[in-house]
Colleague: 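One structure is given below, represented as structure tokens, and several questions about it will come after.
Given the structure is predicted, the values throughout are model-derived calculations rather than measurements. A, B, ... follow the sequence lines: proteins, then strands. Residue 1 opens every chain.
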Amino acid sequence: MATERYNPRTSEPRWQKAWEEARLFEAKNDDPRPTYYVLEMFPYPSGRIHIGHTRNYTMGDVVARYKRAKGFNVLHPMGWDAFGMPAENAAMQNKVHPKEWTYQNIAVMRDQLKMMGLSLDWSREFATCDVDYYHRQQMLFLDLYEKGLVTRKTSKVNWDPVDNTVLANEQVIDGRGWRSGALVEQRELAQWFFRITEFADDLLEAIDTLDQWPEKVRLMQRNWIGRSEGLLVRWELVPETAPQGESELKIYTTRPDTIFGASFMAIAADHPLARKAAENNPELAAFIEECRRTGTSAAVLETQEKKGFDTGIRVRHPFDPNWTLPVYVANFVLMDYGTGAIFGCPSGDQRDLDFARKYGLPVIPVVMPEGADAATFEIGDEAYTDEGMMINSRFLDGMSNKQAFEEVASRLEKQMLNGAPVAERKVNFRLRDWGISRQRYWGCPIPMIHCEACGIVPVPKQDLPVKLPDDVDFDKPGNPLDRHPTWKHVKCPKCGGAATRETDTMDTFVDSSWYFARFTAPHADTPIIPEVANRWLPVDQYIGGIEHAILHLLYSRFFTRAMRRAGHLNLDEPFKGLFTQGMVVHETYKSEDGRWLAPNEVRIENTETGRRAIEIATGKPATIGSLEKMSKSKKNTVSPEDIIDSFGADTARWYMLSDSPPERDVEWTDDGAAGAHRFIQRVWRLVNEAVPAITGVAAKPAYEGDAAAISKAAHKALKVVSEAIESLAFNRAIAHVHAFVNVLQGQLSGVSAGSPEEVRAAAREAVQILIQIIAPFMPHLAEECWFQIGGEGLVAAAAWPEFDPRLVVDDQIILPVQINGKKRGDLTIARDADQAAVEQAVLGLDFVKSALNGAAPRKIIVVPQRIVNVVV
RNA sequence: GCGGACGUGGCGGAACUGGUAGACGCAAGGGACUUAAAAUCCCUCGGGCUUCGCCCGUGCGGGUUCGACCCCCGCCGUCCGCACCA
């Protein structure tokens, strides 16, 4: 009797409904079992789920289903990162309200996710644009404001004068706004900031505790925070060269040891001293203007020539009052790092060297490599930046440069200038405070009020939420909140006088910096319920793309600390385990005349000599291009719906995890998907063919079968698959399932209802194990199979089987035998055979005898249960 | 420039802590079943040779070791992150 093919189209919706009705995936906060929180980075509702999402959520789902089966109270929620610019762009382009656009997208994407059969707790779903959510975010904001973690200060921003808005650095392309194409201006603007730098040290040090994070991400965060230890040094200006009222220049250096190699000072174009000096120096003013115009994008910096302009100002060397150095304005000095001023030591820094050569400044070698000769050591085209011994440095000569650092620091700390020490030690960070003001509509309103009499006044908590008005228009550029006729006009909560609301909204990264905590009590009146959050958090396994390695993860780490300070929870680190998954990539295709072609516009032919593509519409050959991340522009996309339509969700889930390690990119191919689908049918057949033997419905002639072999195969598979899932090695888990099915298929063929009870029991257990270990990956197929064998309840609710340790080891093992390190044969021997027994057995092997040729072996190395090596 | 990761068949990749290299899958070739196709099943599948077996082989060149994809030294290549950070 031929088994009917498994039909995902009817099966999958049926089981999805069964799970939903059983409310299997809803986590209870008062469930006494140990908690396990698995979270995938929530999606932006851009319109449709793409294949990258499905890979991400499938990984999380495998973990969630596995942990649930292992007896954990699993929290696996889903929501929407729903504020952001695309909604406003859609509003401008398509005349649809951002709110409507967003919620429509959410509705579509929710349905798509549901088709994937993900074991999500939908009862906790929220979108960050829900009033309920941003209301609590405003509460949090005020709490952090009270704790002094929110400040307002002016900073330089990229200003698009056509769209009337601030642009992020990423939105400035070749100095122009990405939308308007207008030349971007640098403007000083008052902005709201979170004081992330307050935690800089802690955020850096705690990276060491994140031992379940990828090393790569930890490194990126370390570099981003960018701690350096150095010295702030005040240099005295030579009075007759100094602008009115200026007497010193403060610089930051990490190399005070090279102070005797100094030959110039360089300050940023925006440095106050530069501005002052330019007041009666039109040429300098022009140079400063030029520096400002040239942008700060990486591409510009790459090619830009190092330029300087002598201000005429001179400084005195702190260790030699007769030694004066020129002060240049230089285009490579950044105002917002250190003090915006440096001393240049050409012999010890390549950039300073280039600068010195260009302007004819002295180059004094002060550090030389170990073993070099001080009399002859010279600097040519390359600066010497490594460690070494001090030369040409007076009292430092002969010291290591590390000792010299200390010596200079301690001397300058004691030396006085204008009544204060010349230098102080200073730890400096690359990390800046987090500017969160956005001049946009579709974001969380910042709950602040500007009163002319009282200044900045927070919105009283009882007046929250500050709701976004619905009646806005996007016909004109700029912030609709700002030009709304009534919204911003309020009474001052303090004095009752006329005042205006803050019209900036928050950076959407704020929304995603605490959503993982909100999921623990998504309907609470307070942002977080501390007892509940403390119980669930930290997230045990967080899964998402490497593109969030810095910003989102760093902001969330900051927020967790900030929320702790405000008493909302009691932990520092939000994510215990982090996993960054690779992308889904696809080949690209181009037609003969150079148009991009979508995968469904070409036909692929596999031949003995290779693969070729034909454009279906024209019948002409197409070229197969490189693997790329799926993108609309290259048309190399495959939609999750199409895959589910033709193969079902289980195929998509299985294939997505099967070939490549999860942290690497996976290539989507039709052949691969078809292969995954074939495997589904194979499992389906295997189970169905085993049903008569298992359930004993039909009697057939007895076939002996091998109960022990069946049980061993099953328990070994159970062990290795469990281990692979635990370590998120999904591709390995799948390979082991394949291998198990190969063995099981051989062992079960012929086993029937007439086979000995012992064999039938082993078969029953083996099939059950098979179904359970595939269930996290292919939950629908597993349910259907479970039903076929008369399994109790839903397999999604079944406990994970425990492997029997006695069944995963063999009594007899096959030991590879090497001669001089090369394998020459095998030895079958009892697993517990001792060294002597193994040696004796090995010496009795024919190929060993002939290799020895009568002589005694020089040595026999026995690695128990691994290998034997006979050294001849 | 600085920092990091990686390099294994036609392809994706396995290989536990230094112990049988190429598991598992895809593609390809051959065969069975079929009127035919699909589906399914079986066999082959790193290279070479004097083919019941032997030699070579994990980017390249050395080294350590009884034994190296794995450890060490030196190269080459690819990818990623940061990037005028004082």
Colleague: Judged by modelled atom types alone, do A:Q745 and A:R685 share a side-chain donor-acceptor pair under 3.5 Å?
Modeller: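 No - no donor-acceptor pair under 3.5 Å links their side chains.
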Colleague: In terms of side-chain heavy atoms, does A:N428 have a donor or acceptor partner in A:S228 at a distance below 3.5 Å?
Modeller: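 Not at all, the side chains of A:N428 and A:S228 share no donor-acceptor pair under 3.5 Å.
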Colleague: Rounded to the Å, how far apart are A:R227 CZ and B:rA86 C1'?
Modeller: 17 Å
Colleague: Could you list, one pair per line, each protein nitrogen or oxygen that sits under 3.5 Å from a nitrogen or oxygen of nucleotides 50-55 of chain B, together with the distance?
Modeller:
unit_1, atom_1, unit_2, atom_2, d
B:rC55, OP1, A:R824, NH2, 3.1
B:rC55, OP2, A:R824, NH2, 3.2

Colleague: For the residue pair A:W654 and A:F777, does the interplanar ring angle fall in the parallel (under 30°), tilted (30 to 60°) or perpendicular (over 60°) class?
Modeller: perpendicular
Colleague: I'd like to know if A:R732 and A:E723 make a salt bridge, using a cut-off of under 4.0 Å between side-chain N and carboxylate O.
Modeller: no
Colleague: Would you kindly give the CH2-to-C1' distance between A:W684 and B:rU40, to the nearest whole Å?
Modeller: 17 Å
Colleague: Please give the distance between the P atoms of B:rC11 and B:rC66 as a whole number of Å.
Modeller: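 Result for the P pair: 36 Å, nearest Å.
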Colleague: Using atom P in both nucleotides, what's the gap between B:rA28 and B:rC73 to the nearest angstrom?
Modeller: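 Taking atom P in both B:rA28 and B:rC73, they lie 45 Å apart.
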Colleague: Both A:V871 and A:Q681 contact RNA chain B. Taking the nearest nucleotide for each, which residue is further toward the 5' end?
Modeller: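 With A:V871 and A:Q681 compared, the 5'-side residue is A:Q681.
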Colleague: Starting at the 5' end of RNA chain B, write a dot or bracket for each base, bracketing those in Watson-Crick or G-U wobble pairs whose two distances are under 3.5 Å and using | for partners on another strand.
Modeller: (((((((..(((......[....))).(((((.......))))).((((...))))..(((((..]....))))))))))))....
Colleague: How many Å lie between CZ on A:R685 and C1' on B:rA38, as a whole number?
Modeller: 13 Å
Colleague: Please round to the nearest 0.5 Å and tell me the distance separating atom CD1 of A:I225 and atom CZ of A:R227.
Modeller: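 Result: 11.0 Å between the selected atoms.
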Colleague: In whole Å, measure the gap between the C1' atoms of B:rG25 and B:rU78 for me.
Modeller: 25 Å
Colleague: Check the orientation of A:F355 and A:Y359. Use parallel for under 30°, tilted for 30 to 60°, and perpendicular for over 60°.
Modeller: tilted
Colleague: Within a reach of under 6.0 Å around CZ of A:R858, are more than 12 heavy atoms found that belong to other residues, nucleotides or ligands?
Modeller: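 Open: at most 12 neighbouring heavy atoms sit under 6.0 Å from CZ of A:R858.
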Colleague: With no hydrogens and no angle check, just 3.5 Å: does a side-chain donor-acceptor pair link A:R682 and A:N742?
Modeller: yes
Colleague: Is a donor-acceptor contact shorter than 3.5 angstrom present between the side chain of A:K216 and the base of B:rC80?
Modeller: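 When only heavy-atom distances are counted, A:K216 does not reach the base of B:rC80 through any donor-acceptor pair under 3.5 Å.
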Colleague: Scan nucleotides 11-26 of chain B nucleotide by nucleotide, 5' to 3', and note B when protein non-hydrogen atoms come under 4.0 Å of the base, S if they reach only the sugar-phosphate, - if neither.
Modeller: -BSSSB--BB--BSSS
Colleague: Can you tell me, in whole Å, how much space there is between the P of B:rG57 and that of B:rG3?
Modeller: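 About 34 Å, rounded to a whole number of Å.
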Colleague: Determine the Euclidean distance between corresponding C1' atoms of B:rG9 and B:rU58; express it in Å to zero decimal places.
Modeller: 10 Å
Colleague: Report the distance from atom CD of A:Q350 to atom P of B:rC85, rounded to the nearest whole Å.
Modeller: 12 Å
Colleague: Whole-Å distance between B:rC84 C1' and A:D336 CG?
Modeller: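 A:D336 atom CG is separated from B:rC84 atom C1' by 12 Å.
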Colleague: Distance check: side-chain N/O of A:R430 vs OP1/OP2 of B:rA83, anything under 4.0 Å?
Modeller: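 Answer is yes, contact under 4.0 Å.
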Colleague: Can you tell me how far NE2 of A:H271 sits from CD1 of A:I251, rounded to the nearest 0.5 angstrom?
Modeller: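 The CD1 atom of A:I251 sits 10.5 Å away from the NE2 atom of A:H271.
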Colleague: Between A:T258 (side chain) and A:C345 (backbone), is there a donor-acceptor pair under 3.5 Å?
Modeller: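 Judged by distance alone, no pair lies under 3.5 Å.
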Colleague: Could you work out the separation of B:rC70 and B:rG22 based on their C1' atoms and round it to a whole Å?
Modeller: 15 Å
Colleague: Between atom CG in A:L554 and atom C1' in B:rG81, what is the gap in whole Å?
Modeller: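 Going from A:L554 (CG) to B:rG81 (C1'), I get 15 Å.
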Colleague: Please state how far atom CZ in A:R432 lies from atom P in B:rA83, giving the value in whole angstrom units.
Modeller: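 The answer, rounded to whole Å, is 10 Å.
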Colleague: So, does A:Y337 get its side chain near the phosphate of B:rA86, meaning an N or O under 4.0 Å from OP1 or OP2?
Modeller: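 Affirmative; the distance criterion is met.
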Colleague: Rounded to the nearest angstrom, tell me the gap between atom OH in A:Y384 and atom P in B:rG1.
Modeller: 18 Å
Colleague: Quick one about A:Q221 and A:R557 (side-chain donor to acceptor, distance below 3.5 Å, no hydrogens or angles considered), yes or no?
Modeller: yes
Colleague: Could you give the distance separating B:rG67 and B:rA21 at their C1' atoms, to the nearest angstrom?
Modeller: 14 Å
Colleague: Expressed in whole Å, how much space separates the C1' atoms belonging to B:rC41 and B:rU34?
Modeller: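 It works out to 13 Å between them.
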Colleague: Answer yes or no: is there a side-chain heavy-atom contact under 4.5 Å between A:L353 and A:Q350?
Modeller: yes
Colleague: What's the closest nucleotide to the A:N223 side chain, out of B:rA86, B:rG3, B:rC41?
Modeller: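 Nearest to the side-chain atoms of A:N223, counting from C-beta on, is B:rG3.
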Colleague: Mind checking the CD-CG spacing from A:E587 to A:D670? Nearest 0.5 Å is all I need.
Modeller: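 Interatomic distance, A:E587 CD to A:D670 CG, rounded to 0.5 Å: 10.0 Å.
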Colleague: Reckon A:V333 touches a base, only the sugar-phosphate, or nothing at all at heavy-atom distances under 4.0 Å?
Modeller: base
Colleague: Determine if the base of B:rG29 is syn or anti; take syn to mean the glycosidic torsion is within 90° of 0.
Modeller: anti
